[in-house]
Amino acid sequence: MVKRIVVLGGGSGGTMTANRLGRQLGQEIKNGEVEVVLIANTDTHIYQPGYLFIAMNEKEPEHFIRKENRLVHRNVKLVFDDIVKIDKDQNVLHSAKQKYPYDYLVVSTGSHPDFNSVPGLKEGSDNFYTLDGAIKLRDKLANMTEGRILLTVDVPHKCPAAPLEIILMLDDYFRKKGVRDKVELKYTYPINRIHSLQPVADWAQPQFEKRNILSETFFNLEAVDPERKVAITMDGEEHPFDILISIPAHTGAPVIIDSRLGDEDGFIPTDRYSLKMEESDNVYVVGDATNLPISKAGSTAHYQTEVVVPNIINRIKGRPETARYSGKVACFLENSLEDASMITFDYNNPPAPATTSDLLHWFKSVYNELYWLNARGIL
Ligand SMILES: Cc1cc2nc3c(=O)[nH]c(=O)nc-3n(C[C@H](O)[C@H](O)[C@H](O)COP(=O)(O)OP(=O)(O)OC[C@H]3O[C@@H](n4cnc5c(N)ncnc54)[C@H](O)[C@@H]3O)c2cc1C
């Protein structure tokens, strides 16, 4: 009997996983013993870290977009469909058109910002967490020569470094434009420091002081008044803005919520080492879709495929699953448009930001190009 591995979600984690499986199980697929199916609900694959560089007008949007069918290895059967239910008891996925049975399932359905989480936020804010949002923000920033930019953050959200990065990049952006003294930059964060990871907060704080970036902690948004252009916090204070850049709380994919597989935010309870969905032996979770208390990042998805892929292959070949996820994450930290730091960490080792340098910014720029090899399962 052919063993069918279904990968759900054609973003970073799903595409890497399916391609790695397709490449490494080439012989078994050829022999008709294994089938690798990738189900994607869009043919547009966007490298999301590119949104930062689109907003800063450093790169055109097309630079970060590929057709999914050009990224997927020939050994992988790519299906475009929107899954509406995951039935883990019957080992089957349902779309409006069809059923997809599986022996092994890898869920990689990602996360997305919930712009309805705060009244007025959708109408009153800008963002760089969607393609349209990054393009609109780029145009607003290009026309701005004075005024107030307020940045708000809610949790959980993907790429925990991105809010810090954009405010530091904006400082450089307006300096280069010669109007930094006329543009107020105010960064806010919901807890008692400017980043959830203390070493990252310690790395950024001196930059804020040196570069006159205002900050406010314990800042929790209650509502936005788009007409008056004010953000209202839970303690009732009003904060005026000309541009409000907001990173709202994220939720998991609707299919996870509708299938009742997630926690209250739609993230799947996942074993932190095996990456199996809790109380399941044949459903694995990769990337933002997990409920793990680690950064939701493309690098996280990448390192997780290095666990899930060999474990599934071992099972298919009748060998034990021995790979374990260490919690590894790697993130660049852009400090301006020209230099950057970097952190790597895992469950046992906290991050220690590397010395900020031009070279690390260059590495990030190079990785932005190498990503496509990664997605293809080559790197
Ligand atoms: C501004 C920004 C900057 C970032 N910077 C970095 C960075 O520097 N470094 C880094 O490591 N990460 C970064 N990230 C985070 C990174 O992009 C995500 O963590 C990563 O894409 C997660 O991969 P994923 O596969 O879990 O989800 P995604 O890549 O979002 O893919 C999920 C896919 O599942 C599909 N899907 C969902 N539901 C269904 C369904 N029902 N049926 C079929 N398909 C479905 C979606 O359409 C999507 O294609 C950044 C993100 C943003 C927004």
Side-chain angles (χ1 to χ4, degrees), residues 6-18 37-56 64 68 71 78-86 93-96 98 100 106-113 127-131 133-134 137 156-166 169 245 247-248 250-259 261-262 266-268 270 275 285-290 292 294-305 308 328-334 340 342-344 360-361 363-365 367-368 371 374-375:
V6 174
V7 180
L8 177 59
S12 295
T15 306
M16 284 178 208
T17 304
V37 180
L38 173 61
I39 304 179
N41 61 2
T42 168
D43 191 25
T44 306
H45 189 117
I46 308 179
Y47 174 63
Q48 297 171 36
Y51 293 156
L52 267 169
F53 303 93
I54 295 170
M56 294 291 112
F64 300 108
E68 183 69 4
L71 294 176
L78 174 62
V79 177
F80 291 111
D81 207 346
D82 191 44
I83 297 302
V84 293
K85 189 179 172 209
I86 301 171
L93 306 181
H94 297 258
S95 75
Q98 210 178 317
Y100 299 91
V106 182
V107 181
S108 195
T109 43
S111 66
H112 57 272
N127 79 85
F128 62 103
Y129 265 62
T130 62
L131 180 61
L137 182 60
H157 69 84
K158 59 186 149 192
C159 195
L164 272 181
E165 288 181 291
I166 198 163
M169 290 164 95
I245 303 177
I247 297 102
H250 284 35
T251 61
V255 65
I256 306 303
I257 297 165
D258 297 344
S259 305
L261 295 180
F267 296 112
I268 303 173
T270 305
L275 300 175
V285 195
V286 159
D288 292 358
T290 77
L292 295 176
I294 48 166
S295 300
K296 293 193 184 300
S299 68
T300 308
H302 172 118
Y303 293 126
Q304 291 175 339
T305 66
V308 167
K328 188 167 178 192
V329 181
C331 287
F332 287 96
L333 299 167
E334 292 285 359
M342 191 187 179
I343 45 172
T344 55
L360 282 172
H361 170 72
F363 276 151
K364 167 80 179 178
S365 310
Y367 181 77
N368 289 346
Y371 169 74
N374 216 338

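We count ligands from 1, going down the list as the structure has it; atoms in each ligand are counted the same way. If you're wondering where the values come from, they're calculated on a predicted model, not measured in any experiment.
Side chain to side chain, Gln304 and Lys328 fail the donor-acceptor criterion of an N or O pair below 3.5 Å. A donor-acceptor contact closer than 3.5 angstrom links the side chains of Tyr100 and Asp81.
When the heavy-atom distances from atom 32 (C) of ligand 1 to Ser108, Ala340, Cys159 are ranked, the shortest goes to Ser108. In this comparison of Val84, Asp288, Leu131, the heavy atom closest to atom 26 (O) of ligand 1 sits on Asp288. Summarising the contacts of atom 3 (C) of ligand 1 with Ala375, Pro49, Ser111, Ala134, the nearest heavy atom is found in Pro49. Nearest to atom 39 (C) of ligand 1 by heavy-atom distance, out of Thr15, Leu93, Asp43, Asn41, is Asn41. With distances taken over non-hydrogen atoms, the option nearest atom 38 (N) of ligand 1 out of Thr109, Val79, Leu52, Asp258 is Thr109.
Among the candidates Val107, Thr251, Val285, the single residue satisfying the side-chain contact (heavy atoms from CB on, under 4.5 Å) test with Ile256 is Val107.
Remark: ligand 1 atoms within the under-4.0 Å shell around heavy atoms of Gly287 are 26 (O). Of all atoms in ligand 1, listed by their number and element, those nearer than 4.0 Å to a heavy atom of Asp81 are 42 (N), 43 (C). With ligand atoms numbered from 1 in the order given, ligand 1 contributes 41 (N) to contacts under 4.0 Å with heavy atoms of Val255. Against a heavy-atom cut-off of under 4.0 Å, Leu8 is close to the following atoms of ligand 1: 42 (N), 43 (C).
For atom 2 (C) of ligand 1, the closest non-hydrogen atom on the protein side is Gln48 O, 3.7 Å. Looking only at protein heavy atoms, the nearest one to atom 27 (O) of ligand 1 is Gly110 CA, 3.3 Å. The shortest contact between atom 48 (C) of ligand 1 and any protein heavy atom is with Gly11 N, 4.2 Å. Ranking protein heavy atoms by distance to atom 53 (C) of ligand 1, first place goes to Tyr129 CD2, 3.5 Å. The protein atom (non-hydrogen) at minimum distance from atom 25 (O) of ligand 1 is Gly13 N, 2.7 Å.
Proximity of Phe128 to ligand 1 is established by a heavy-atom distance of less than 4.0 Å.
Here the straight-line distance linking atom OG1 of Thr109 with atom CD1 of Ile268 works out to 5.0 Å at 0.5 Å rounding. In this structure, the separation between CG on Leu292 and CG on Leu275 is 6.5 Å, given to the nearest 0.5 Å. We find the OG-CG distance between Ser12 and Asn374 to be 8.5 Å, quoted to the nearest 0.5 Å.
For ligand 1, the polar-atom distance check finds an N/O of Ile83 within less than 3.5 Å of one of the ligand's N/O atoms. Below 3.5 Å of separation, one finds no N or O of Lys158 facing any N or O of ligand 1. Inclusion of Ser12 in the set of residues having an N or O under 3.5 Å from an N or O of ligand 1 is warranted. At least one N or O atom of Gly298, backbone or side chain, sits closer than 3.5 Å to an N or O atom of ligand 1.
Centroid-to-centroid, the aromatic rings of Tyr129 and His112 stay 6.0 Å apart or farther.
In Lys296, the part holding a heavy atom less than 4.0 Å from any atom of ligand 1 is the backbone. Residue-level proximity to ligand 1 for Lys364 is carried by the side chain, the only part with a heavy atom below 4.0 angstrom.
Considering only heavy atoms from C-beta on, Phe128 comes within 4.5 Å of Leu52 through its side chain. Looking at heavy atoms from C-beta onward, Ile39 lies out of side-chain contact with Val7 at the 4.5 angstrom threshold.
Without hydrogens or angle criteria, Glu334 side chain to Ala340 main chain gives no donor-acceptor distance under 3.5 Å.
His45 pairs by the side-chain hydrogen bond (donor to acceptor under 3.5 Å, both in side chains) definition with Glu68, Tyr371, not counting sequence neighbours. Residues passing the side-chain contact (heavy atoms from CB on, under 4.5 Å) test with Phe363, sequence neighbours excluded: Phe332, Leu359, Leu360.
A cation-pi arrangement is absent between Lys364 and Phe53, since the terminal nitrogen or guanidinium carbon is not both under 6.0 Å from the aromatic centre and inside a 45° cone about the axis.
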